[in-house]
Student: 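Quick one: this structure, given as structure tokens, is what I'll be asking you about.
First the proteins, then the strands, lettered A, B, ... as listed; each starts at 1.
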2 protein chains.
Amino acid sequence: MNIGHAAERSGLPAKTIRYYEDIGLIVPERSDNGYRDYSNEDVHRLRFLQRSRSLGFSVGECRQLLSLYDDKARESSEVKALATAKLGEIDRKVAELLSLREMLGRFVDLCHGDDRPECPIIEGLSRDVPLQ
Amino acid sequence: MNIGHAAERSGLPAKTIRYYEDIGLIVPERSDNGYRDYSNEDVHRLRFLQRSRSLGFSVGECRQLLSLYDDKARESSEVKALATAKLGEIDRKVAELLSLREMLGRFVDLCHGDDRPECPIIEGLSRDVPLQ
DNA sequence: ATAGGGATTCCAGTTACTGGAAGGTCAAGG
DNA sequence: CCTTGACCTTCCAGTAACTGGAATCCCTAT
């Protein structure tokens with residue numbers, strides 16, 4: 001299967017698939033004409049990558065996950081530890097965004113948003129300690 | 001004021017301040033010895049940058065905000081529009097993270113996490129359609 | 001005189017791709 | 001047989017927003 005087809009079936013752009021090959025995540029066979037030739041198992045692996053990345057795993061973590069995926073004797077606790085750590089990261093990220101949201105939201109609420117130059121948002125951004 | 005002091009007072013690393021100068025966000029005076037010399041107003045501007053960045057504005061957006069900050073005749077509606085758009089972005093990002101969190105959390109819950117190789121997380125990541 | 005702590009510039013690396021140029025391959029149509 | 005268009009190849013460069021490091025310079029204190 002050519003890269004275009006593999007791209008379609010995995011949901012990853014062809015460019016990205018080549019990049020993943022550059023960094024050694026997936027190395028397909030080559031056809032006689034030099035084209036990359038992906039097996040169904042390769043596509044599976046690509047989809048695994050696509051899904052892991054979209055779930056917020058870094059490429060490095062995907063590499064770890066792939067080696068666990070390849071290791072038929074892995075212990076599920078290893079995988080669970082990785083995934084649980086990632087959950088914690090997501091939670092921290094959400095909390096951080098929510099606190100930013102709250103501060104910015106307060107600035108926005110205070111701003112009348114008309115044609116006058118006074119603007120609590122600008123003031124909030126430049127004040128030493130925003131909101132007392 | 002030397003860059004070290006400006007860094008301390010603005011909460012930005014000196015490296016970052018030099019970078020901001022490279023990209024034209026803030027250009028301080030120079031002392032006779034060639035050292036950068038920051039005024040109190042410069043520090044104010046740096047803090048504005050620090051705060052805006054930490055609130056999730058991109059450097060490009062900070063550039064916009066700075067020009068509004070500099071423009072004494074700006075209309076507050078302009079600033080409000082920018083900030084409101086950013087709020088929407090934050091909300092979208094949070095929603096996305098929460099949905100990732102939910103999916104990954106379900107995989108983690110399903111995994112017994114022991115020394116056996118069966119692992120619903122790996123399976124979830126490699127399945128075509130995770131959790132129907 | 002020298003030792004330290006800061007300052008300077010410049011170059012390279014990071015993450016995870018993405019865009020583009022120059023060229024090779026293949027199947028279909030005239 | 002030739003061309004056209006859609007694919008494929010490699011390689012180089014650029015993105016965002018810094019960060020690290022090397023080589024060198026400046027200032028102050030002992």
Student: How close or far is atom P of C/dT15 from atom CZ of A/Arg63, stated in whole angstroms?
Tutor: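 After rounding, the gap between these two atoms is 10 Å.
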
Student: Can you check side chain to side chain contact (heavy atoms under 4.5 Å, CB included) on A/Val94 and B/Arg101, steps first, answer last?
Tutor: CA-CA 10 Å; A/Val94 167; B/Arg101 206 233 107 93; over 6 Å; no

Student: To the nearest Å, give me how far apart OH (A/Tyr20) and C1' (C/dT18) are.
Tutor: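 Spelled out: OH on A/Tyr20 to C1' on C/dT18 is 12 Å.
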
Student: Map B/Asp37 and A/Phe57 onto DNA chain C by nearest heavy atom, then report which one ends up closer to the 5' terminus.
Tutor: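 Counting from the 5' end, the first nearest nucleotide belongs to B/Asp37.
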
Student: What is the distance, to the nearest angstrom, from the CD1 atom on B/Ile23 to the C1' atom on C/dC10?
Tutor: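 It is 17 Å, rounded to the nearest whole Å.
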
Student: Which is true for B/Arg36 with a 4.0 Å heavy-atom rule: it touches a base, it touches only sugar-phosphate, or it touches nothing?
Tutor: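 Since only primed, P, OP1 and OP2 atoms lie under 4.0 Å of B/Arg36, the category is sugar-phosphate.
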
Student: Can you measure B/Leu25 atom CG to D/dA16 atom P for me and round it to whole angstrom units?
Tutor: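 Rounded to the whole Å, the gap is 13 Å.
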
Student: Grab the CG-C1' distance between A/Asp22 and D/dC11 for me, whole Å please.
Tutor: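 Atom-to-atom, A/Asp22 to D/dC11, this comes out as 10 Å.
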
Student: What is the distance from CD1 of A/Ile17 to C1' of D/dC7, rounded to the nearest Å?
Tutor: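 Atom-to-atom, A/Ile17 to D/dC7, this comes out as 14 Å.
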
Student: State, yes or no, whether a side-chain contact exists between A/Ser52 and A/Glu61 at a heavy-atom distance under 4.5 Å.
Tutor: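 A/Ser52 does not reach A/Glu61 side chain to side chain.
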
Student: To the nearest 0.5 angstrom, please state how far the CG atom of B/Leu12 sits from the CD1 atom of B/Ile17.
Tutor: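 B/Leu12 CG to B/Ile17 CD1: 5.5 Å, rounded to 0.5 Å.
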
Student: Say whether B/Asp42 and B/Ser39, considering side chains only, have a donor N or O and an acceptor N or O under 3.5 Å apart.
Tutor: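 Present: a donor and an acceptor within the cut-off.
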
Student: Pick the closest DNA chain D nucleotide for A/Ala14 and for B/Gly60 by heavy atoms, then say which residue is nearer the 5' end.
Tutor: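 Mapping each residue to its closest nucleotide by heavy atoms, the 5'-most match is A/Ala14.
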
Student: With a 4.5 Å limit on heavy-atom distance, are the side chains of A/Leu82 and A/Gln64 in contact?
Tutor: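 Yes - at least one pair of side-chain heavy atoms lies under 4.5 Å apart.
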
Student: Expressed as a whole number of angstroms, how long is the span from B/Tyr19:OH to C/dG13:P?
Tutor: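 In whole Å, C/dG13 P lies 18 Å from B/Tyr19 OH.
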
Student: Side-chain N or O of B/Arg18 less than 4.0 angstrom from OP1 or OP2 on D/dC18?
Tutor: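 So the side-chain polar atoms of B/Arg18 never come under 4.0 Å of the phosphate oxygens OP1 or OP2 of D/dC18.
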
Student: Mind checking whether A/Arg45 and A/Tyr69 have side chains closer than 4.5 Å, heavy atoms only?
Tutor: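 SC-SC contact between A/Arg45 and A/Tyr69 confirmed.
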
Student: If you only use heavy atoms from C-beta on, which nucleotide in D/dA17, C/dT18, D/dT19 is closest to the side chain of B/Arg53?
Tutor: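 When the side chain of B/Arg53 is considered, D/dA17 is the closest of D/dA17, C/dT18, D/dT19.
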
Student: Between the protein and nucleotides 23-26 of chain C, list the N/O to N/O atom pairs that are separated by less than 3.5 angstrom.
Tutor:
unit_1: C/dG24; atom_1: N2; unit_2: A/Tyr35; atom_2: OH; d: 2.9
unit_1: C/dT25; atom_1: O4'; unit_2: A/Tyr35; atom_2: OH; d: 3.2
unit_1: C/dC26; atom_1: OP1; unit_2: A/Asn33; atom_2: ND2; d: 3.3

Student: Any Lys/Arg nitrogen of A/Glu102 or A/Arg106 sitting under 4.0 Å from an Asp/Glu carboxylate oxygen of the other?
Tutor: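 Result for this pair is yes, salt bridge flagged.
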
Student: Could you tell me how far apart B/Tyr38 (OH) and C/dA7 (P) are, to the nearest whole angstrom?
Tutor: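 After rounding, the gap between these two atoms is 10 Å.
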
Student: Out of D/dC8, C/dT18, D/dG20, which has the shortest distance to the side chain of A/Ile3?
Tutor: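 Per side-chain heavy atoms of A/Ile3, the pick is D/dC8.
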
Student: Would you say D/dT19 has OP1 or OP2 under 4.0 Å from some side-chain N or O of B/Thr16?
Tutor: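 Result: yes.
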
